[in-house]
Protein chains: 2
Amino acid sequence: MTYSKELLKGTLTTIILQLLESKGRMYGYEITQEVKKLSDEKILIKEGSLYPALHKLKDDGLVATETEMIGNRVRKYYSLTPDGSITTKERVKELNDFFETLKIVLNPRSAMV
Amino acid sequence: MTYSKELLKGTLTTIILQLLESKGRMYGYEITQEVKKLSDEKILIKEGSLYPALHKLKDDGLVATETEMIGNRVRKYYSLTPDGSITTKERVKELNDFFETLKIVLNPRSAMV
DNA sequence: TTGCAATGCATCGTATTCCTATGTATCATT
DNA sequence: AATGATACATAGGAATACGATGCATTGCAA
């Protein structure tokens, strides 16, 4: 079972940022595998989503890259810039807050605070 | 403070469906106001999002409409069809499940099950 | 009484973003 | 030798939320 791809919209970038925040640095393929593992195979990030997202994060100055050669194979590591670290905290906070709000909207009877 | 509009993607339809499930029937403007109220003004559904979404739900056979005249003003009520009711339960379940999964992904240290 | 805000419906064009499909290349295992 | 995993990347398409705009009624305040 995989989630409707629409659900990922708006959260993919936050997932990437938060992974980089906790792991320090990662390469693309590693990110897809880590998300797959953590989500019990329920969230599968595709290359067609991941790489454009990473490139955009770089354009926006939120991540920096360094390329390494592993044998003859190129590997591109991503890590957060100071700006990226700040943005990550904001995004994660916003996402958690959004979830809480949505819970209330989706279940009005639990809204008695 | 309003959430980044990207966050709503993939959840708007579920919000509408669940509101109809709990309220029985609602009209468009009423939906925007109810979501605004329940979310403490943090989720503001725009007409440009709402009406296309409602029309799509109708095309998909998930909601039915009835038009009423309130004074000289037209009001269009939406309610769930039997199909819509089933879909609503599935969507809400999927969304809650997605949140749980995402929590784990966003905070690996809490993933020790 | 005039004008503005709120109520109420709707659509067009735009931006975003995720995916499918495709391409290239290395490496390990069979 | 072939296949699957590793690893990067992009082009084109689909979905969807929004901004802008339009129309009409109603209520209220200046």
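Just so we're on the same page: letters track the sequence lines, and every chain starts at 1. Every value quoted in this text rests on a predicted model; they were computed, and no experiment measured them.
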### Task
Hey, which sits more toward the 5' end of DNA chain D by its nearest nucleotide, A/Leu54 or A/Glu6?
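Mapping each residue to its closest nucleotide by heavy atoms, the 5'-most match is A/Leu54.
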#### Entry: NZ/A/Lys36: more than 12 non-hydrogen atoms of other groups inside 6.0 Å
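No, NZ of A/Lys36 has 12 or fewer neighbouring heavy atoms, counting only those of other groups under 6.0 Å.
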Using a cutoff of under 3.5 Å, can you pull out all pairs of nitrogen or oxygen atoms linking the protein to nucleotides 26-30 of chain C, with atom names and distances?
{"unit_1": "C/dT26", "atom_1": "O2", "unit_2": "A/Arg73", "atom_2": "NH2", "d": "2.5"}
{"unit_1": "C/dC27", "atom_1": "OP1", "unit_2": "A/Asn72", "atom_2": "N", "d": "2.8"}
{"unit_1": "C/dC27", "atom_1": "O4'", "unit_2": "A/Arg73", "atom_2": "NH2", "d": "3.0"}

Can you list the residues that meet the side-chain hydrogen bond (donor to acceptor under 3.5 Å, both in side chains) rule with [X], with sequence neighbours excluded?
X: B/Lys46; answer: none
X: A/Asp83; answer: none
X: B/Tyr3; answer: A/Asp97, A/Thr101
X: B/Glu66; answer: B/Arg25

[X] has an atom [atom1]; how far is it from atom [atom2] of [N], in whole Å?
X: A/Leu57; N: D/dA9; atom1: CG; atom2: P; answer: 13 Å
X: B/Asp59; N: D/dA15; atom1: CG; atom2: C1'; answer: 15 Å
X: A/Gln33; N: D/dG4; atom1: CD; atom2: P; answer: 16 Å
X: B/Ile15; N: D/dA17; atom1: CD1; atom2: P; answer: 9 Å
X: B/Arg75; N: C/dA6; atom1: CZ; atom2: P; answer: 17 Å
X: A/Leu50; N: D/dC8; atom1: CG; atom2: P; answer: 8 Å

### Task
Confirm from the modelled atom types if A/Lys9 and D/dT16 form a donor-acceptor pair under 3.5 Å, side chain to base only.
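Checked by distance alone, the answer is no.
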Expected list for residues 7-16 of chain B: side-chain donor-acceptor pairs under 3.5 angstrom, two or more places apart:
{"unit_1": "B/Lys9", "atom_1": "NZ", "unit_2": "B/Glu6", "atom_2": "OE1", "d": "3.4"}
{"unit_1": "B/Thr11", "atom_1": "OG1", "unit_2": "B/Leu8", "atom_2": "O", "d": "2.7"}

If only side-chain N and O atoms of [X] are considered, is one of them under 4.0 Å from the OP1 or OP2 phosphate oxygen of [N]?
X: A/Tyr27; N: D/dA7; value: yes
X: A/His55; N: D/dC8; value: no
X: A/Tyr51; N: D/dT10; value: no

### Task
Only counting residues at least two apart or in another chain, list the ones meeting salt bridge (charged side-chain N to carboxylate O under 4.0 Å, His left out) with B/Lys23.
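Counting only residues at least two positions away or on another chain, B/Lys23 forms a salt bridge (charged side-chain N to carboxylate O under 4.0 Å, His left out) with B/Glu34.
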### Task
Sequence neighbours left out, what passes salt bridge (charged side-chain N to carboxylate O under 4.0 Å, His left out) with A/Glu47? Give chain and number order.
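With sequence neighbours excluded, A/Glu47 shows a salt bridge (charged side-chain N to carboxylate O under 4.0 Å, His left out) to no residue whatsoever.
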### Query
Looking for any heavy atom pair under 4.0 Å, which part of the strands does B/Leu12 touch: base, sugar-phosphate only, or nothing?
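Touches sugar-phosphate only.
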#### Entry: Short N-O contact, A/Lys103 and A/Glu100, less than 4.0 angstrom
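A/Glu100 and A/Lys103: salt-bridged.
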Return the polar atom pairs (N/O with N/O) between nucleotides 19-22 of chain D and the protein under 3.5 Å, or none.
{"unit_1": "D/dG19", "atom_1": "OP2", "unit_2": "B/Lys46", "atom_2": "NZ", "d": "3.4"}

### Nearest listed nucleotide, side chain of B/Tyr78, among C/dC9, C/dA10, C/dT17
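Side chain of B/Tyr78 sits closest to C/dA10.
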